[in-house]
Amino acid sequence: MNRLVLISGCSGGGKSTLLAELGRRGHAIIEEPGRRIVKQELEGDGAALPWIDMAAFARRAIEMAAADHAAARGQVGWTFFDRGLIDAASALQHLNGEPILEKLSGFHRYNTKVFLTPPWPEIYVTDPERRHGFDEAVAEYDRLATIYPALGYDVVTLPKIAVAERADFILDRLEAK
């Protein structure tokens, strides 16, 4: 059984908070590649930032997500990813039409159940690493909600409930296989 689980969906939908809760419960977690890249770029010259060079940013996110996937394959137990390779490849393909998504997703499979955080305007905020608006976040969510099923994943939309209940929801769905 593939125990590499993607949590994707709307930017600002509570993914990072949910991952922190799963980590507190003892599960392995992988922080979002995009946030790690933005932090690194802001500390340095800042060329591969989504608001400066989205293509460079997406390519770095693909490399980082592929490395994260490879490193996690040998772990025991559930490993939860805050976004992953498909999100990054989807962004690049949407940007420049490069047909990269299907090829990459075939080599780096995750658990068949992918959990999506829906748009949730009540908790959406911008910050130094998330500078885009809510409408842009919703458009990205809509793309991902179409892409994952097209790649053979079973999409489970997370309910808008407290973080502990969301974590329980995910773990219950994974154990019910």
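Along the sequence shown, the residues carry numbers beginning at 1.
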Under 4.5 Å between any side-chain heavy atoms of [X] and [Y], yes or no?
| X | Y | value |
| --- | --- | --- |
| His27 | Leu171 | yes |
| Arg35 | Lys15 | no |
| Val5 | Leu22 | no |

Quick one: does [X]'s side chain have a donor or acceptor within less than 3.5 Å of a partner on [Y]'s backbone?
| X | Y | result |
| --- | --- | --- |
| Asn2 | Arg109 | yes |
| Arg83 | Gly9 | yes |
| Lys160 | Thr117 | no |

Please report, to 0.1 Å, the donor-acceptor pairs under 3.5 Å made by any side chain of residues 145-153, with sequence neighbours excluded.
| from | atom 1 | to | atom 2 | distance (Å) |
| --- | --- | --- | --- | --- |
| Thr146 | OG1 | Asp142 | O | 3.1 |
| Tyr148 | OH | Asp87 | OD1 | 2.4 |
| Tyr153 | OH | Tyr110 | N | 3.1 |

Apply side chain to side chain contact (heavy atoms under 4.5 Å, CB included) to [X] and list each qualifying residue two or more places apart in sequence or on a separate chain.
| X | value |
| --- | --- |
| Glu63 | none |
| Gln93 | Ile100, Leu101 |
| Ala56 | Ala48, Asp53 |

Roughly how far, to the nearest 0.5 Å, is the [atom2] atom of [Y] from the [atom1] atom of [X]?
| X | Y | atom1 | atom2 | answer |
| --- | --- | --- | --- | --- |
| Leu158 | Leu18 | CG | CG | 6.5 Å |
| Phe80 | Leu19 | CZ | CG | 8.5 Å |
| Leu144 | His94 | CG | NE2 | 10.5 Å |
| Ser8 | Tyr141 | OG | OH | 9.5 Å |
| Phe57 | Leu95 | CZ | CG | 11.5 Å |
| Ile86 | Leu6 | CD1 | CG | 6.0 Å |

Side chain to side chain donor-acceptor pair (under 3.5 Å) with [X]: which residues, sequence neighbours excluded?
| X | value |
| --- | --- |
| Thr79 | Gln75 |
| Arg25 | Glu21, Asp168 |
| Arg36 | Asp68 |
| Arg59 | Glu98 |

Which atom names give the shortest non-hydrogen contact between [X] and [Y], and what distance separates them?
| X | Y | answer |
| --- | --- | --- |
| Ile62 | Leu85 | O-CD1, 3.5 Å |
| Glu140 | Ser11 | OE1-CB, 4.0 Å |
| Glu175 | Trp78 | OE2-NE1, 3.0 Å |

Do Leu42 and Met64 share a hydrophobic cluster (ILVMFWY, side-chain heavy atoms under 4.5 Å, transitive)?
->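 Yes, Leu42 connects to Met64 through the hydrophobic network.
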Residues in salt bridge (charged side-chain N to carboxylate O under 4.0 Å, His left out) with Arg60, at least two apart?
->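 Residues passing salt bridge (charged side-chain N to carboxylate O under 4.0 Å, His left out) with Arg60: Glu41.
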